[in-house]
Amino acid sequence: MPLTTTLKTPVTGPYEQPTGLFINNEWVEGVDKKTFEVINPSTEEVICSVSEATEKDVDIAVAAARKSFEGEWRKVTPQERGRLLYKLADIAEKNTDLLAAVESLDNGKSITMAKGDVGAVIGCLRYYAGYADKIEGKTIDTNPDTFAYTRSEPIGVCAQIIPWNFPLLMFAWKIGPALCTGNTIVMKTAEQTPLSALVFANFVKEAGFPAGVLNIISGFGKVAGAALSSHMDVDKIAFTGSTLIGRTIMKAAASSNLKKVTLELGGKSPNIVFDDADIEQTISWVNFGIYFNHGQCCCAGSRIYVQEGIYDKFIAAFKKRAEQNTVGDPFDNNTFQGPQISQLQYDRIMHYIEEGKKAGATCETGGERHGDKGYFIKPTIFSDVTPDMKIMQEEIFGPVCTVTKFKTEDEVVAAGNDSTYGLAAAVHTRDLNTAIRVSNNLRAGTVWVNQYNMLSHQLPFGGYKESGIGRELGEAALANYTQNKTVSMRLAGPLF
Ligand code: NAD
């Protein structure tokens, strides 16, 4: 199979799309020469085929990453690691339009949102580039006869498995902290969205990273993903995706070589609106909280709680707002919501919508397909819901939310925490005391006040409860990719 193909997007014209596996800074076919098709979710048509990595390719990629970790990469100074990451960010910046277009084509997100993602990718890489020469240990005074210090060392060969909802951004969140701390990587992208990372791979070589530092493979979870999580020569695995697969990965790590594990998993996040909130602003944030990225956000504000004094007014205004969201062609600059990622996700979401209707919830708006081609679903709001309903408990990962009326602060904090998840939450109020009290009492890794979905590469992000283990972003993410070594040295002198 050729290792590149010429593709076109509505905004860039023709470009060269790599389709092979990126191992050791080279494009190669899979050993078994398998390929799979990549589907455009807006048209349901095949975009192209890419190489599929199997266990044999995983072995080759892990060996390349190991060789580099033990060899050339180890000799690269922290300052140089930072310079390489800055260079990578610069190349990405020059190619913003191309990267965004490929992301829209492959994932279906609107071109304006895709450009936002690329901006966030660049910011994230520069942030971690700056950390490369600031990784420090300590000297610790234990005894006058001893000189003891700690070193913060890289973990080694890291496998990283990412999902399809933010293909490039999840890629950057993973590689930034891993590379600045001196690890090497085998990255497996999601089978639904391999294209933007493959374009990015060429920039890795152009930036000057030594061969084997960052290897990027396309493939399926059950094959390449499983091979990585049970691999005996992978030192660490970082995963973003469903809680179900997070458990599988942890089990594989436990029954192989006890590789270190960090997980960023699902959510069913409460978005709480008090009577005193600025209703117009809040409606915008609630709308953005659930419908941004077509509801395909792990932190989506999918359980909305509204205090009784403004409930009726809120429902009417929110319904009107949701119906104004433009759903359609991702390459139209006015589009807010594109298609869901795949037929499978479309079917899963429609199944939840049917479950909600059958369980007796009121579908205030949406609840059906948009158009007749592509995996588009209208923004959907359910009211008259009860805590036992599936649509209140399970992550739908689509443009579907529930709205529940509440009376008191205690009641809504208990309801907000009534979930196996704990990724994010939000509070809308003009009262600072309410904001701080409720934020402190919610069991979630991130709480937004009078806003939603406002992530920053400077702020740690991750889950309480079954939403994950470890924190991404911010200084906190460095801990995911370093391990402490203690060196304790006896000074010359008598033994006791
Ligand atoms: P998934 O968890 O199956 O896939 C995410 C990644 O894991 C992909 O790269 C996939 O290839 C890989 N994977 C799958 N099975 C694996 C295995 N056995 N071993 C190793 N890697 C494996 O998610 P999905 O099936 O694409 O979506 C299902 C649900 O997951 C969604 O409806 C949503 O609820 C949730 N999800 C969450 C996130 C998030 O950001 N937290 C992202 C995507 C999906």
Side-chain angles (χ1 to χ4, degrees), residues 36 38-39 41 50 52-55 58 107 109 117 159-167 169-171 173-174 186-194 197 216-231 234 237-256 259 261-269 292-300 302 340-352 375 377 390-391 393-400 419-424 445-446 453 455 461-463 465-470 472-473:
F36 64 94
V38 183
I39 307 292
V50 297
E52 182 199 333
T54 63
E55 290 88 346
V58 165
N107 167 282
K109 65 177 68 198
D117 281 10
Q160 302 184 320
I161 301 181
I162 54 171
W164 39 260
N165 51 344
F166 292 90
L169 191 57
M170 292 304 105
F171 178 89
W173 285 18
K174 293 273 182 286
V186 179
M187 162 79 68
K188 190 199 84 62
T189 53
E191 55 270 36
Q192 298 84 351
T193 53
I216 302 166
I217 58 176
S218 314
F220 292 91
K222 279 194 175 142
V223 182
L228 282 169
S229 33
S230 57
H231 205 287
V234 166
I237 186 151
F239 170 76
T240 298
S242 61
T243 297
L244 180 76
I245 299 301
R247 284 184 211 282
T248 308
I249 284 177
M250 244 187 135
K251 281 185 203 153
S255 53
S256 54
K259 53 182 69 61
V261 180
T262 45
L263 304 172
E264 204 266 272
L265 307 174
K268 188 75 182 171
S269 300
F292 169 57
N293 212 40
H294 331 160
Q296 302 171 143
C297 290
C298 45
C299 52
S302 51
Q340 307 309 127
I341 191 65
S342 62
Q343 182 71 50
L344 183 66
Q345 282 302 113
Y346 174 89
D347 291 342
R348 276 180 182 156
I349 297 162
M350 290 309 288
H351 183 72
Y352 275 115
Y375 313 121
I377 297 177
K390 270 198 175 164
I391 55 169
Q393 292 182 347
E394 296 180 15
E395 183 177 47
I396 300 177
F397 227 64
V400 182
S419 171
T420 53
Y421 294 114
L423 190 58
T446 293
N453 275 339
L455 296 160
F461 180 73
K465 299 193 261 181
E466 292 179 29
S467 287
I469 298 175
E472 298 208 275
L473 302 180

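Scope of the values below: all heavy atoms of this structure, side chains included, with no hydrogens, waters or symmetry mates. In listed order, ligands and their atoms are each counted from 1.
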Checklist entry - Closest approach of K259 and L228, non-hydrogen atoms and distance? => result CE-O, 3.7 Å
Checklist entry - What residue and heavy atom of the protein are closest to atom 15 (N) of ligand 1, and at what distance? => result I245 CD1, 3.5 Å
Checklist entry - Do you see a donor-acceptor pair shorter than 3.5 Å between the side chains of Q343 and Y375? => result no
Checklist entry - Does I162, backbone or side chain, put an N or O under 3.5 Å from an N or O of ligand 1? => result yes
Next on the checklist: If we count only non-hydrogen protein atoms and require a distance under 4.0 Å, does atom 25 (O) of ligand 1 qualify as touching the protein?
Outcome noted: yes
Checklist entry - What about F220: any of its N or O atoms under 3.5 Å from an N or O on ligand 1? => result no
Next on the checklist: Please state which option from G221, P167, G398, S242 has its nearest heavy atom closest to atom 13 (N) of ligand 1.
Outcome noted: G221
Checklist entry - To which protein heavy atom is atom 38 (C) of ligand 1 closest, and what is the distance rounded to 0.1 Å? => result F397 CZ, 3.4 Å
Checklist entry - Which heavy atom of W164 sits nearest a heavy atom of Q192, and at what distance? => result CD1-OE1, 3.1 Å
Item to check | atom 27 (O) of ligand 1 - nearest protein heavy atom and its distance | outcome: R348 NH1, 3.5 Å
Checklist entry - Which residue and non-hydrogen atom of the protein lie closest to atom 32 (O) of ligand 1, and at what distance in Å? => result Q345 NE2, 3.1 Å
Checklist outcome for this item: Rounding to 0.5 Å, atoms CD1 (I161) and NZ (K174) come to a distance of 10.0 Å
Item to check | Check: F166 ring centre within less than 6.0 Å of F171 ring centre | outcome: no
Checklist outcome for this item: In short, A227 meets E55 closest at the heavy-atom pair CB-CG, 3.9 Å
Item to check | Euclidean distance, T446 OG1 relative to L455 CG, rounded to 0.5 Å | outcome: 7.0 Å
Item to check | Proximity to ligand 1 by part of L244, non-hydrogen separation under 4.0 Å | outcome: neither
Checklist entry - Quick one: does F239 get within less than 4.0 Å of ligand 1, heavy atoms only? => result yes
Checklist entry - Any chance the side chains of T420 and K268 put a donor and an acceptor closer than 3.5 Å? => result no
Item to check | Atoms in ligand 1 flagged as close to A226, the criterion being non-hydrogen separation under 4.0 Å | outcome: 19 (N), 20 (C)
Checklist entry - So, is W164 polar-close to ligand 1, with some N/O to N/O distance under 3.5 Å? => result yes
Checklist entry - Nearest protein heavy-atom contact for atom 42 (C) of ligand 1: which residue, which atom, what distance? => result P163 CB, 3.3 Å
Item to check | Considering all heavy atoms, the nearest P194-V38 contact | outcome: CG-CG2, 3.7 Å
Checklist entry - Which is it for E191 and ligand 1 at heavy atoms under 4.0 Å: side chain, backbone, both or neither? => result side chain
Checklist entry - Which residue and non-hydrogen atom of the protein lie closest to atom 12 (C) of ligand 1, and at what distance in Å? => result I161 CG2, 3.7 Å
Item to check | Selected option - heavy-atom contact closest to atom 20 (C) of ligand 1, from G463, C297, G225, S230 | outcome: G225
Item to check | Part of L265 within contact of ligand 1 (heavy atoms, under 4.0 Å) | outcome: backbone
Checklist entry - Can you tell me if Q296 has a non-hydrogen atom under 4.0 Å from ligand 1? => result no
Next on the checklist: Less than 6.0 angstrom separating the ring centers of W173 and F461, yes or no?
Outcome noted: yes
Next on the checklist: Could you check whether any heavy atom of M170 sits closer than 4.0 Å to an atom of ligand 1, since that is the contact criterion I want to use?
Outcome noted: no
Item to check | Contact atoms of ligand 1, heavy-atom distance to Q192 under 4.0 Å | outcome: 26 (O)
Checklist outcome for this item: Note: ligand 1 atoms sitting under 4.0 Å from heavy atoms of C298 are 39 (C), 40 (O), 41 (N)
Next on the checklist: Minimum heavy-atom separation for T54 and V223, please, with both atom names.
Outcome noted: CA-CG1, 3.8 Å
Checklist outcome for this item: Heavy-atom nearest pair, S256 first then S229, reads OG-O, 3.7 Å
Next on the checklist: Please identify which of these residues, N165, I162, N107, meets the side chain to side chain contact (heavy atoms under 4.5 Å, CB included) condition with T193.
Outcome noted: N107
Item to check | Distance from atom 34 (O) of ligand 1 to nearest protein heavy atom, with residue and atom | outcome: E395 OE1, 2.7 Å
